[in-house]
S.K.: 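Can you keep this structure in mind? I'll have questions shortly.
All chains are named by letter (A, B, ...) in the order of the sequence lines, taking the proteins before the strands, and each is independently numbered beginning at 1.
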Amino acid sequence: MRFSEAFIPTLKEAPSDATSISHKLMVRAGMIRQTAAGVYSYLPYGYNVIQKMKAIVREEMNRAGGQEFLLPALQPTDIWERTGRLEAYGQDVFRFDDRHGHEMLLGPTHEEVITSIVASDIRSWADLPKLFYQIQTKFRDEARPRFGVLRTREFTMKDLYSFDADEAGLDKSYQKMFEAYCRIFERVGVAYEPLATAETGAIGGSASHEFIVLADSGEDHLVKCPKCGFSALLGETVCVAPATEPNRAECELKIVSTPGMTRVEQVAGFLKTKPHRLIKTMILEKGDGGLLAALIRGDHELNMSKLMGSVDDWGLKLASAERIAEATGGPVGFSGPIGLSGITVLADLTLKGETSMVVGANKEDAHYVGCEVGRDFTPDSFCDLRKAVEGDLCPKCSETLKLEMGIEVGHIFKLGTRYSEKLGATFSDASGKENPVIMGCYGLGIERTVAAVIEQSHDERGIILPKSLAPYQAIILPMQAPEGELVQLGEKCYNLLKQAGVDVLLDDRNVWPGVKFADADLIGVPTQIVLGKRGLKEGRIEIVDRRTKEKTFLPIDVTADSLRDAVAG
RNA sequence: CGGGGCGUAGCGCAGUCCGGUAGCGCACCGGUUUUGGGAACCGGGGGUCGGCGGUUCAAGUCCGCCCGCCCCGACCA
């Protein structure tokens with residue numbers, strides 16, 4: 001392609017509302033333009049990168065034995081009612097009635113559709129296992145789209161669904177996908193972490209892994225051990241606080257007035273103490289309607305999934321003001337463990353043996369100071385209830401953990417029989433008995449992965465595309481225009497490379513060298529072929545690696561082979 | 001959904017407080033020179049100032065309603 005004929009509208013400045021690096025660079029590089037909040041148009045250069053990404057994913061899915069489908073984005077609402085997921089997705093689903101008044105939706109995902117097909121057309125154990133996938137547009141009316149292409153309302157996702165006859169088969173399918181994902185992320189050159197997770201959100205199921213790409217603009221928090229390499233999602237980390245002596249000072253329990261102080265910082269400031277000397281008492285409503293209290297140090301955050309796990313109740317939610325009053329006799333913001341009766345009280349491990357703590361007094365505008373855990377109240381049990389914080393220790397090797405942020409680019413789940421049961425996807429086993437098919441689902445965000453690559457692979461001049469995603473392997477930059485020896489040489493290199501089957505961009509524009517360099521750097525073509533007077537005089541042409549800026553030289557009488565090899569580098 | 005901010009040329013912004021001929025930089029078009037890091041000079045085009053309504057002799061500017069976009073939070077892949 002000739003730059004003069006291509007449509008790569010580069011920008012010197014990024015739109016002011018772009019915040020993440022990938023957003024700024026993708027707009028500046030002429031890859032994307034925004035059409036609405038969380039809705040982007042892909043320009044040819046950007047779309048080409050997306051297509052490369054899809055091709056890699058497709059290859060790896062096929063290698064693992066996947067078969068590709070095309071499924072409708074437009075789906076009838078009733079199959080969603082059968083699985084009960086309309087509730088779970090709630091406001092995130094784009095819904096409307098068609099002209100006949102039938103309720104339709106734009107699919108946020110495709111489990112229902114694919115499982116319906118399997119339900120009607122897979123009948124025997126001999127039909128299993130199967131790996132079915134599709135790479136398609138999904139729609140989710142996100143509460144808050146952000147970070148450019150990282151979180152959008154319309155996006156391309158690869159989803160593969162596995163169908164197995166037994167658990168062992170599911171394990172095998174899961175393992176195949178796990179390996180395929182590793183290959184994919186390696187091929188696009190990102191540093192990633194597969195992290196185990198217990199949370200399965202709206203999809204529901206047992207085991208799962210999130211594939212996270214480390215990046216500052218990520219929305220996922222994780223911890224990483226600089227020593228042994230341990231890493232885990234923040235919410236999944238077993239918390240190990242550094243071994244400090246608890247405060248054993250003698251203290252006297254006293255009630256003090258704290259007018260209007262409901263927030264930890266307010267109370268701490270008012271009483272001239274530190275948040276970690278406070279105990280937060282959170283009242284929760286159980287799935288069966290009962291109440292429960294969870295105690296957390298003031299500077300910590302409650303980890304809902306740990307708490308849910310501790311009490312084996314996945315229907316827990318924060319209690320309403322009315323229920324709090326019912327449990328404690330006081331208003332929201334002044335709850336405390338002292339005198340609480342009739343409900344289970346769980347305390348985080350860090351509170352064990354602490355003295356001189358501040359707790360709510362279960363009445364308006366009052367707190368206790370000088371509270372000693374075990375003397376003034378005794379929780380029913382101590383367990384790990386909090387989210388990890390900077391400074392916590394690695395549960396494997398006790399090194400101090402680092403907090404990092406990352407982008408979730410893939411998520412794989414063992415689903416079990418949840419959907420197959422509801423949608424009647426069963427098969428006859430060898431003994432003739434009907435069993436629900438055992439499922440797994442494996443998602444991967446296409447645009448998000450591309451954005452994540454850019455988040456990781458850029459410099460102050462622009463994007464650095466890996467060869468695997470680059471629409472053009474090389475860009476030829478004749479330092480002269482519109483005519484002359486260098487232009488002739490550029491044409492020659494261009495034709496030779498095309499002959500050699502290399503995707504190449506020739507910057508034939510009549511612009512200043514600085515513009516050519518700047519655009520070449522910005523759009524991230526992996527190899528630059530610089531044709532200048534200097535080189536011409538010395539009888540050589542210059543090959544520059546976009547990433548390393550390293551220069552190599554070729555004799556000026558290039559051939560298709562020598563050029564191709566230099567570009568393949 | 002709560003809190004905050006913004007909307008003026010393709011992009012980045014000034015002008016709004018205090019009403020009086022709509023500006024700047026980059027980009028764009030024509031010309032001259034020029035080609036190893038976003039060039040210089042000359043000439044030029046481009047705006048329902050987000051929309052609707054109101055106040056006024058006069059509204060980008062004041063008032064009201066609406067729309068859009070961004071940020072923080074809640075929520076979520």
S.K.: Which comes earlier along RNA chain B counting from the 5' end, the contact point of F155(A) or that of P15(A), where each point is its nearest nucleotide?
M.R.: P15(A)
S.K.: With both distances kept under 3.5 Å, what pairs with G20(B), Watson-Crick or G-U wobble?
M.R.: C57(B)
S.K.: How close or far is atom P of C1(B) from atom CG of D141(A), stated in whole angstroms?
M.R.: 11 Å
S.K.: Looking only at atom C1', what distance separates U8(B) and G25(B), rounded to whole Å?
M.R.: 15 Å
S.K.: Any donor-acceptor pair under 3.5 Å between the side chain of R28(A) and the base of G38(B)?
M.R.: yes
S.K.: Can you tell me the distance, in whole Å, between the CD atom of E219(A) and the P atom of C71(B)?
M.R.: 10 Å
S.K.: Applying the Watson-Crick and G-U wobble criteria at under 3.5 Å, what pairs with A27(B)? Answer none if nothing qualifies.
M.R.: none
S.K.: When the side chains of residues 37-46 of chain A are checked against the rest of the protein, which donor-acceptor pairs come out under 3.5 Å, sequence neighbours left out?
M.R.:
residue	atom	partner	partner atom	Å
Y40(A)	OH	H23(A)	NE2	3.2
S41(A)	OG	T35(A)	OG1	2.6
Y45(A)	OH	I523(A)	O	2.7

S.K.: Please give, in whole Å, the distance from A77(B) C1' to D159(A) CG?
M.R.: 10 Å
S.K.: What's the gap between G15(B) and C6(B) when it is taken at their C1' atoms, as a whole Å value?
M.R.: 16 Å
S.K.: Say we look at A39(B) and C26(B): how far apart would their C1' atoms be, to the nearest angstrom?
M.R.: 14 Å
S.K.: Heavy-atom count check: over 12 atoms from other residues, nucleotides or ligands less than 6.0 Å from E485(A) CD?
M.R.: no
S.K.: For the C1' atoms, the ones on G30(B) and on C63(B), what distance do you get once it is rounded to whole angstrom?
M.R.: 47 Å
S.K.: Going by atom types alone, do H110(A) and K138(A) pair a side-chain donor with an acceptor below 3.5 Å?
M.R.: yes
S.K.: Can you figure out which of G38(B), C75(B), A77(B) approaches the side chain of D519(A) most closely?
M.R.: G38(B)
S.K.: For nucleotides C13(B) and G51(B), find the distance between their C1' atoms and express it as a whole number of Å.
M.R.: 23 Å
S.K.: Using Watson-Crick or G-U wobble geometry with both distances under 3.5 Å, which nucleotide pairs with C6(B)?
M.R.: G68(B)
S.K.: If the P atom of U32(B) is compared with that of C24(B), how far apart are they to the nearest Å?
M.R.: 26 Å
S.K.: Enumerate all atom pairs, one protein N or O and one N or O from nucleotides 68-70 of chain B, separated by less than 3.5 Å.
M.R.:
residue	atom	partner	partner atom	Å
C69(B)	OP1	A37(A)	N	2.8
C69(B)	O2'	D17(A)	OD2	3.4
C70(B)	OP1	Q34(A)	NE2	2.8

S.K.: Considering only the P atoms, how many Å lie between G45(B) and C29(B), rounded to the nearest integer?
M.R.: 15 Å
S.K.: Could you check T417(A), V118(A), L415(A) and say which one makes a side chain to side chain contact (heavy atoms under 4.5 Å, CB included) with M439(A)?
M.R.: L415(A)
S.K.: Among L444(A), T156(A), L160(A), T449(A), which one satisfies side chain to side chain contact (heavy atoms under 4.5 Å, CB included) with V57(A)?
M.R.: L444(A)
S.K.: Examine F132(A) together with F69(A) and report whether their ring centres are nearer than 6.0 Å.
M.R.: yes
S.K.: Measure the distance from CG on L415(A) to C1' on A77(B) and round it to the nearest whole Å.
M.R.: 14 Å
S.K.: Output all residues satisfying ring-ring contact (aromatic ring centres under 6.0 Å, His included) with F211(A), sequence neighbours left out; order by chain, then residue number.
M.R.: F178(A), Y181(A), F185(A)
S.K.: Please report the distance separating the C1' of A9(B) from the corresponding atom of G5(B), rounded so that it comes out in whole Å.
M.R.: 23 Å
S.K.: Mind calculating the distance between CD (Q528(A)) and P (G37(B)) to the nearest angstrom?
M.R.: 14 Å
S.K.: For G47(B), which nucleotide is its Watson-Crick or G-U wobble mate, given both distances must be under 3.5 Å?
M.R.: none
S.K.: Partner lookup for G73(B), please. Criteria are Watson-Crick or G-U wobble with both distances under 3.5 angstrom; report none if nothing qualifies.
M.R.: C1(B)
S.K.: Strictly by modelled atom types, are R2(A) and Y494(A) linked by a side-chain donor-acceptor pair under 3.5 Å?
M.R.: no
S.K.: When you compare the side chains of D17(A) and Q34(A), does any donor N or O come within less than 3.5 Å of an acceptor on the partner?
M.R.: no
S.K.: Does H458(A) have any side chain to side chain donor-acceptor pair (under 3.5 Å) partners at least two apart in sequence or in another chain, and if so, which?
M.R.: none
S.K.: Could you give the CG-to-P distance, from L11(A) to G10(B), as a whole number of Å?
M.R.: 12 Å
S.K.: Just the rounded figure in Å: distance from P of G37(B) to CG of D521(A).
M.R.: 13 Å
S.K.: Strictly under 4.0 angstrom, non-hydrogen atoms only: write out the protein contact profile of nucleotides 24-36 of chain B, one letter per nucleotide from the 5' end, B, S or -.
M.R.: -BS-------BBB
S.K.: How close or far is atom P of G73(B) from atom CZ of R263(A), stated in whole angstroms?
M.R.: 13 Å
S.K.: Considering only distance and modelled atom types, tabulate donor-acceptor pairs under 3.5 Å from the side chains of residues 508-520 of chain A, sequence neighbours left out.
M.R.:
residue	atom	partner	partner atom	Å
D508(A)	OD1	F3(A)	N	3.4
D508(A)	OD1	S4(A)	N	2.9
D508(A)	OD1	S4(A)	OG	3.1
D508(A)	OD2	S4(A)	OG	2.6
R509(A)	NE	D507(A)	OD1	2.9
R509(A)	NH1	D519(A)	OD2	3.1
R509(A)	NH2	D507(A)	OD2	3.0
R509(A)	NH2	D519(A)	OD2	3.0
K516(A)	NZ	P478(A)	O	2.8
K516(A)	NZ	D507(A)	O	3.1
K516(A)	NZ	R509(A)	O	3.4
D519(A)	OD1	T10(A)	OG1	2.9
D519(A)	OD2	T10(A)	OG1	3.4

